[in-house]
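Below is one structure; the comments refer to it alone.
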Amino acid sequence: MSLGSKQRKFARMIADLIVWAYEQGYELTFGDAYRDPRVHGVMGVKQGYGRSMSNHKQRLAVDFNLFKAGVYLTATADHEPLGIYWESIGGSWGGRFNDGNHYSMEHEGRR
Ligand SMILES: [Zn+2]
């Protein structure tokens with residue numbers, strides 16, 4: 001699948017994740033979504049925070065801030081229900097590699 005096709009599929013999957021989360025009683029705010037290479041460096045270049053090779057730079061990752069009943073939930077375990085749902089629709093969940101609020105789509109071996 002081309003990068004562009006993945007990016008468009010990813011956006012649609014994120015919509016499903018958001019709707020599903022709200023149906024379970026969660027609320028979300030966006031953390032990092034797209035990391036503009038003009039700010040964060042092109043792929044392979046580390047500039048500012050974040051990794052040099054990041055799916056955020058390719059529009060294939062979103063970090064979500066998670067809330068339930070107005071409480072900000074920060075633990076990876078808090079994100080697990082969303083992570084399991086995300087994986088069930090084909091996504092990669094950062095909770096599998098110590099980045100619990102990171103929801104991405106695999107591309108060229110990166111998540
Ligand atoms: Zn992330």
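Note that ligands are numbered from 1 as they come in the structure, with each ligand's atoms numbered from 1 the same way. Numbering starts at 1 and runs along the sequence shown.
- Annotation for Lys9: atom NZ does not count as buried by contact number, only 12 or fewer foreign heavy atoms lying within 6.0 Å.
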Going through the checks in order, is the ring pair (Phe, Tyr, Trp, His ring centres under 6.0 Å) test met by Phe64 and Phe30? CA-CA 5 Å; Phe64 278 117; Phe30 284 99; 5.2 Å; yes
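- At a threshold of 2.8 Å, the Zn ion (ligand 1) has no backbone or side-chain N, O or S atom of Asp32 nearer than that distance.
- A 4.5 Å side-chain heavy-atom check between Ser54 and Arg35 finds at least one atom pair inside the cut-off.
- Here Asp63 contributes OD1 and His56 contributes NE2, and at the Zn ion (ligand 1) these two atoms make an angle of 100°, given to 10°.
- Nearest N/O/S atom of His102 with respect to the Zn ion (ligand 1) is recorded as ND1.
- Around the CG atom of Asn98, the shell of radius 6.0 Å holds no more than 12 heavy atoms that belong to other residues, nucleotides or ligands.
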